[in-house]
Q: 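Please see the structure below; I have some questions.
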Amino acid sequence: MNGGARLAGEVRVVGAKNSVLKLMAAALLAEGTTTLTNCPEILDVPLMADVLCSLGCEVDVQASTVTIVAPATLRNEADYRSVSRLRASVCVLGPLVARCRRAVVPLPGGDAIGSRPLDMHANGLRKLGAHTEISHGRVVADAEDLHGAQIWLDFPSVGATENILMAAVLADGTTVIDNAAREPEIVDLCTMLQQMGAKIEGSGTSTLTVHGVTALQPTEHRVIGDRIVGATWAFAAVMTRGEITVQGVDPHHIDLVLDKLRSAGADVSTAIDGFSVAMRGRAEAVDFVTLPYPGFATDLQPMAIALSAVAEGTSMITENVFEARFRFVDEMVRLGADARTDGHHAVVRGVERLSSAPVWASDIRAGAGLVLAGLCADGTTEVWDVEHIDRGYPRFVENLRALGADVARVAAEPER
Ligand code: EPU
């Protein structure tokens with residue numbers, strides 16, 4: 001891509017990656033046909049479909065609609081080859097224990113953003129009465145009966161909250177999950193489970209109370225818009241001194257992000273299903289601290305670094321969720337960013353203009369952050385391993401071009 005263009009125009013954001021994959025897993029909880037609409041057309045959806053097929057479901061992915069037919073009897077062992085290609089597949093654990101009283105799910109393996117243990121998932125299922133063991137590279141959970149329990153999470157983990165919730169909806173009695181995650185994607189999952197007949201109170205708060213029922217019914221559900229993608233476009237508008245209107249995202253899901261961008265100097269206006277961000281002149285430096293929702297999302301930390309790299313002044317960015325998520329900062333430095341990290345903190349002194357270089361995308365969000373930086377660099381920046389970006393940003397290059405970016409996707413990648 002050649003930096004320097006001011007991005008302007010409108011972009012429509014579709015369903016959230018981090019919602020659709022859990023909703024697909026939730027379809028395991030009810031025999032019959034579940035339909036999900038507004039699904040993003042990203043590779044992770046067919047990969048999750050493979051995981052569900054390995055458990056005995058029939059899955060049809062047609063553009064933005066996914067139809068899942070769950071059988072009366074599921075297979076209780078997920079296939080390693082499918083699971084290893086998709087971290088989010090661990091969220092079949094809760095539904096499988098709930099439906100089959102036994103689940104065997106291989107550990108999906110390492111990740112560029114830091115270690116991702118499953119201890120809170122396992123401890124929660126233990127509290128519900130499942131004998132749970134992590135050994136030989138897999139999680140095995142066996143339960144004669146699942147019964148309600150009081151569960152306190154050490155940290156409001158998104159994945160642990162989802163797995164425990166999906167097991168508790170079919171447990172006998174009442175479960176209370178305290179210090180639960182409050183992300184909009186958890187609320188989306190609760191909404192779908194409620195439509196299926198689950199009895200859940202406290203959705204969107206840190207205390208979820210679940211009254212177990214004996215069976216759930218399949219449903220039709222529209223996936224919420226992807227707040228991380230929407231916010232990425234907001235950062236793009238500010239960094240390129242442009243003006244972007246985003247549709248398909250509830251602006252309340254990114255209240256804090258939009259407030260930060262206002263502090264950086266942006267004009268922000270919101271509507272029911274979207275928002276507009278306009279920027280005149282150079283952004284002022286602001287500090288960012290990542291925290292579970294409603295804090296600033298760790299998935300947007302690379303965008304915060306990218307913005308700080310070209311802002312006027314010095315920013316401090318603190319990462320509290322994934323310990324290795326600053327690794328990509330070295331690639332930012334290759335683009336001319338004046339950035340230094342020390343443990344949980346990064347200090348970034350903004351420069352007027354970045355300088356182009358070849359850089360590697362190590363994960364979805366780092367990749368998007370590097371592209372935003374490349375849009376503000378002199379000369380031609382090449383971002384390699386862009387298939388990471390594809391996993392979270394459907395039609396990213398097409399959308400960038402429609403907004404006026406000078407960017408192209410080229411097939412060949414050089415040897416590393
Ligand atoms: N953690 C534990 N033990 C556990 C579970 C989590 O120590 O049993 C720790 C993790 O190591 C991490 C922290 O708790 O330090 C938060 O992890 P969490 O469980 O909340 O994250 P996750 O469910 O694995 C989801 C998203 C991530 C997003 C995080 C935080 C999906 C598929 N992934 O991961 O999204 O960063 O929540 O919001 O929903 C991305 O989209 O690029 C991405 C990485």
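Numbering of ligands and ligand atoms starts at 1, following listing order.
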Q: Going by the atom numbers of ligand 1, which of them fall below 4.0 Å from some non-hydrogen atom of Thr298?
A: 30 (C), 36 (O)

Q: Whether Glu31 and Arg99 form a salt bridge (side-chain N of Lys/Arg under 4.0 Å from carboxylate O of Asp/Glu) is what I want to check.
A: no

Q: Tell me: protein heavy atom nearest atom 23 (O) of ligand 1, and distance?
A: Gly159 N, 2.9 Å

Q: Any nitrogen or oxygen of Phe155 lying under 3.5 Å from a nitrogen or oxygen in ligand 1? Just yes or no.
A: no

Q: What protein heavy atom is closest to atom 34 (O) of ligand 1, reported as residue, atom name and distance in Å?
A: Arg116 NH2, 3.1 Å

Q: Where does Asp299 meet ligand 1, judged by heavy-atom distances below 4.0 Å: at the side chain, the backbone, both, or neither?
A: side chain

Q: Can you see whether Phe288 has Lys260 sitting over its ring - NZ or CZ less than 6.0 Å from the centre and within 45° of the normal?
A: yes

Q: Return yes if some donor-acceptor pair links the side-chain N/O of Glu201 with the main-chain N/O of Ser203 below 3.5 Å, else return no.
A: no

Q: Only one of Leu28, Thr34, Leu170 forms a side chain to side chain contact (heavy atoms under 4.5 Å, CB included) with Leu216, so which one is it?
A: Leu170

Q: Within a reach of under 6.0 Å around CZ of Arg262, are more than 12 heavy atoms found that belong to other residues, nucleotides or ligands?
A: yes

Q: Considering heavy atoms of the protein only, find what lies nearest to atom 32 (C) of ligand 1 and give residue, atom and distance to 0.1 Å.
A: Asn18 OD1, 3.3 Å

Q: Which one holds for His121 and ligand 1: side chain close, backbone close, both close, or neither close, with close meaning a heavy atom under 4.0 Å?
A: both

Q: With no hydrogens and no angle check, is any side-chain donor or acceptor of Arg101 less than 3.5 Å from a backbone partner on Leu96?
A: no

Q: Any salt bridge between Glu41 and Arg395, counting N to O under 4.0 Å?
A: yes

Q: Between Glu162 and Lys22 (salt bridge meaning N to carboxylate O under 4.0 Å), is one present in this structure?
A: yes

Q: Using heavy atoms and a threshold below 4.0 Å, how should the contact between Ser157 and ligand 1 be classified: side chain, backbone, both, or neither?
A: both

Q: Does the pair Arg85/Asp79 count as a salt bridge with the N-to-O cut at 4.0 Å?
A: no

Q: Below the 3.5 angstrom mark, is there an N/O of Phe322, backbone or side chain, next to an N/O of ligand 1?
A: no

Q: So, 4.0 Å and heavy atoms of Arg325: is ligand 1 close enough to count as a contact?
A: yes

Q: Is the closest heavy-atom distance from Glu323 to ligand 1 below 4.0 Å?
A: no

Q: Where on Val158 is there a heavy atom closer than 4.0 Å to ligand 1, on the side chain, on the backbone, on both, or on neither?
A: both

Q: Arg391: which residues meet the side-chain contact (heavy atoms from CB on, under 4.5 Å) condition with it, sequence neighbours left out?
A: Asp44, Leu47, Leu86, Ile364

Q: Relative to each other, are the rings of Trp233 and Phe396 parallel, tilted or perpendicular (30° and 60° limits)?
A: tilted

Q: Between Asn163 (side chain only) and His121 (backbone N and O only), is there a donor and an acceptor less than 3.5 Å apart?
A: no

Q: Has ligand 1 got any nitrogen or oxygen that is less than 3.5 angstrom from a nitrogen or oxygen of Asp363?
A: no

Q: Any N or O on Arg365 sitting closer than 3.5 Å to an N or O of ligand 1?
A: yes

Q: Between ligand 1 and Leu21, can you find any atom pair, the residue atom being a heavy atom, that is separated by under 4.0 Å?
A: no

Q: For ligand 1 and Met120, I'd like to know whether there is a polar contact (N/O to N/O, distance under 3.5 Å).
A: yes

Q: Using heavy atoms and a threshold below 4.0 Å, how should the contact between Val321 and ligand 1 be classified: side chain, backbone, both, or neither?
A: both

Q: Using a heavy-atom cut-off of under 4.0 Å, does the side chain or the backbone of Arg87 touch ligand 1, or both, or neither?
A: neither

Q: Taking both backbone and side-chain atoms of Pro117, is any N or O found less than 3.5 Å from an N or O belonging to ligand 1?
A: yes

Q: Considering non-hydrogen atoms of the protein only, which is the closest contact for atom 11 (O) of ligand 1, and what is the distance?
A: Ser115 O, 3.0 Å

Q: Applying the side-chain hydrogen bond (donor to acceptor under 3.5 Å, both in side chains) test to His221, which of Thr37, Thr191, Asp188 qualifies?
A: Asp188

Q: Has ligand 1 got any nitrogen or oxygen that is less than 3.5 angstrom from a nitrogen or oxygen of Pro156?
A: no

